[in-house]
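Only heavy atoms go into these numbers, but all of them, side chains included; no hydrogens, no water, no symmetry mates. Counting from 1, the numbers follow the sequence of the chain as shown.
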Amino acid sequence: MCALAPGSFTVTPAEAKPVALDIPAGDLSQALIALSRQSGLSIGIAGELPAHRTPKVRGSIEPTEALARMLRGSGLQAVTSANGLLRLVPTPRRLTPKASDGAGTAIADIVVTGRKRDERLNDVPISISVIRPDGDGTPAASRGVHDVLSSIEGAFATNLGPGRDRIFLRGVADSAFNGPTQATVSLFLDEARVSYATPDPDLRLVDIDRVELLRGPQGTLYGSGALGGIVRIVPNKPDLASWSGTGAIEGSAIGGGGYGGAAEVVLNAPIMRDRLGIRSAFYADRTGGWIDDPTRAARNVNRVTRYGARLSGLWAFADDWTADISLSAQWIDARDSQYATRGLTKNTAIAEPHDNDFLAATLSIHGRIGDLDLISASAFVTHEVTSLFDAGAVAGLRALPVQLGYQDVRELTLATQEWRISDPAAVRPWLAGISLLSAENSYRGTFLPDGAPSMALLAPHDDALEAAAFGELTQPITDRLGVTAGTRVFFAKIDNEQAGQTRRRARKSGLTPSATLSWRVGDGSLLWLRYASAIRPGGINPDGDPSARAFRADDLKSIELGWRLRGWRDRLHINGAIFGLRWKNVQSDIAGTDGLIRTINAGRARNIGMELRSTLNLAPFLLDGNITVQHGRLYRPSTAANAVGDDNRLPVLPDYAGRLKLSLDLPLGALDASWFVAARYIGSARLSFDPDLARSMGDYWLADGGLSLTAGPWRSIFSITNLTDRRGDSFSFGNPFSLRLADQRTPAQPRSLNIRIERKF
């Protein structure tokens, strides 16, 4: 029974079974007494119990699961000691900062929300990776989503430059070009979707708790556009109890290139203790360039500056109810493109700058009514991407001066709203929701002749609306076996208009179901068989070949056999999946002979592959490796794809890739020291379906190394990227107007030294 005094409690096998509980909402101490009486648990504490109001717990529930629900938000957690006893101890503010899932024992306690409810990572039957961007193994200058993808299996991206890249997960790669199509990977900032048909904004990962990557189609819970998966950035929440902050500076030097640096400031302020708090983060960084342009006598032309800020507030306005509001803004200014035509040089008549301006306002309201969790997530996003290209290669076709620029401006206004309700603690956990999305996309293409008036070429405007209802239910079959099934019913339409053309509309409705069979092999080990699907609505091409004036919706179906295994006294973790997918009516952005980007349906594709990750903890050493093997092919190309010949690989997608990292935690005198060295191989891939643009890329190694030193609130990180100074051609192109005339390559950033010094207070 219960004696509320310092001590511990034992969980016997019998107590792991569900029991009938009926515990009213109330004070934590009274709730623990009621749980003890109704379940037979002998409950003790380590220290004083905090003042905390617990929710009502009713139904057939495992006692430990009921306890976890009561402790949520209390600052306490139940942990298992070496002798099998559970104790209530303070929840640590930050878990062990390893860079990815499976990197250490503490990772089993990470709570993820990839399935839109709080779950332990090791209990989620989905291919999911969790990245801690402040981990000691992260090079100091690598602070964007594009940078951290290198540590994750099945994740790839183009390398056009900050704020211009496309991300691909689970072999779902359609094009290296940025056109009007939705991305195949959806970006979320906490609970709200913040991307649609623009490149990745490359948000600097400052004051971020974690980044969750879900690989494979996520159409059931996340809707259109999530064909390859989702990337979810979860910022740190305001602490309502205490003041805190962090300051950091960085410096970098690129071999044969320029110098860079960064500054970050984070401040947390509780305004009303336990009720209201705010948290702010400000940053600025500069990446020194490494590409020269002899024609213009310019050095390090691809220098990039980035500024950003995030302000968030957390208000606990009632028992079990919170409102989380956030405003995030970032501005990227790239001085020029980062491709080369020979070595680390290129020759253009004019500079080719790029800007990426991103603003997102989000509001999440979370509360409980009885046993039910309710969430309302809202977002409003404006995103503008501006690029300037040297268009002299097509000046003759347009009867324009040879010194000719082309300005590409893309503007997105996105509003999303989702309401959902769930009962994660029920015998049959379930959730249901409704989502709305409204997106306005406008595109302006303008020729800028030297010494002559500008000439507007394109000005399409798309209004997209999507509405959906979704739900998911888990049915336990035995104590270890369960089935989860869900579906999404959606309707999508897009209206297109352009000066001189009649307004046109495309519509799509349907279902995106999913089903998962999961089996708990043992403590912390899980096997699953999952079927999933996703659809990306079609659209309208306002310019180009009349046969391709509209492109159809594409849909993707996938099946995977996945596992998350732990063994050898929890020192060995093996995660992975064998997958197969079929992709119908592949939407792909292509570059025409006139340099303009259009969208086509490239045909049908499939991909069969395996993703594998393993970590071996031999303290003080930690060995972490991953490998991706896949066979992504366009097996039935359309006429529009012009994909003739024997090479039918999907663009940007290598058949083989892998990474190996060795970490060592070994004190250096009075300092806590963490060392690492890592090597990554990127296999061969091609740029485009078009045989005229099927340039070979990849097939190179990159290596990094670093050292982190910690003394109290101070930490210093020293790292070297591209240790061997390789010049491998990364997955990109340069100028779409001269792409067919010159051998454009995007070499990896040369060897670079990075230093970061930070202090917490």
Test side chain to side chain donor-acceptor pair (under 3.5 Å) applied to H383 and T198, N441, D357, the passing residue: T198

F177/F733 aromatic ring centres below 6.0 Å: yes

Distance-only polar pair, side chains of S127 and R170, donor-acceptor under 3.5 Å: yes

side-chain hydrogen bond (donor to acceptor under 3.5 Å, both in side chains) against T628, all qualifying residues, sequence neighbours excluded: none

Pair R410 + E384, salt bridge at N-O below 4.0 Å: no

Side-chain heavy atoms of Y259 within contact of S252, under 4.5 Å: no

Charged N-O contact under 4.0 Å between R745 and D743: yes

For V385 against G163, the heavy-atom pair lying closest together: CG1-O, 4.4 Å

D293 and T348 side chains, donor-acceptor separation under 3.5 Å: yes

Distance-only donor-acceptor check, side chains R604 and S638, under 3.5 Å: no

Spacing of CD belonging to Q407 relative to OG1 belonging to T386, to within rounding of 0.5 Å: 6.0 Å

Nearest heavy atoms of I254 and S752, plus distance in Å: CG1-OG, 3.5 Å

Cation over ring face, R606 and Y635, 6.0 Å, 45°: yes

Exercise: identify the closest heavy-atom pair between G632 and L653: CA-CD2, 4.4 Å

Short side-chain donor-acceptor distance under 3.5 Å, Q744 and S738: yes

Lys/Arg-Asp/Glu bridge criterion (N-O < 4.0 Å) met for E352, K346: yes

Heavy-atom closest pair, residues I574 and S614: CG1-OG, 3.9 Å

Minimal non-hydrogen separation, Y222 against A226, with atom names: CB-CB, 4.3 Å

Side-chain H-bond candidate by donor/acceptor type, W290 with N300, under 3.5 Å: no

Pair F447 + Y406: ring centers closer than 6.0 Å: yes

Geometric cation-pi criterion, R726 with Y700: 6.0 Å, 45°: no

Side chain to side chain contact (heavy atoms under 4.5 Å, CB included) partners for L623, two or more places apart: L616, L660, L662

Distance flag, aromatic centroids of Y656 and H631, threshold under 6.0 Å: no

Residue pairs involving residues 579-590 (criterion salt bridge (Lys or Arg N to Asp or Glu O under 4.0 Å); sequence neighbours excluded): R166-D589

Side-chain donor-acceptor contact under 3.5 Å, T184 with D174: no

Lys/Arg N to Asp/Glu carboxylate O, R633 vs D655, below 4.0 Å: yes

Chi angles and distances behind the side-chain contact (heavy atoms from CB on, under 4.5 Å) call for N754, I720: CA-CA 6 Å; N754 311 282; I720 300 178; over 6 Å; no

Least distance between heavy atoms, A748 atom then L702 atom: CB-CD2, 4.1 Å

Residues N607, Q630; criterion side chain to side chain donor-acceptor pair (under 3.5 Å); working and verdict: CA-CA 7 Å; N607 193 6; Q630 56 193 341; 3.2 Å; yes

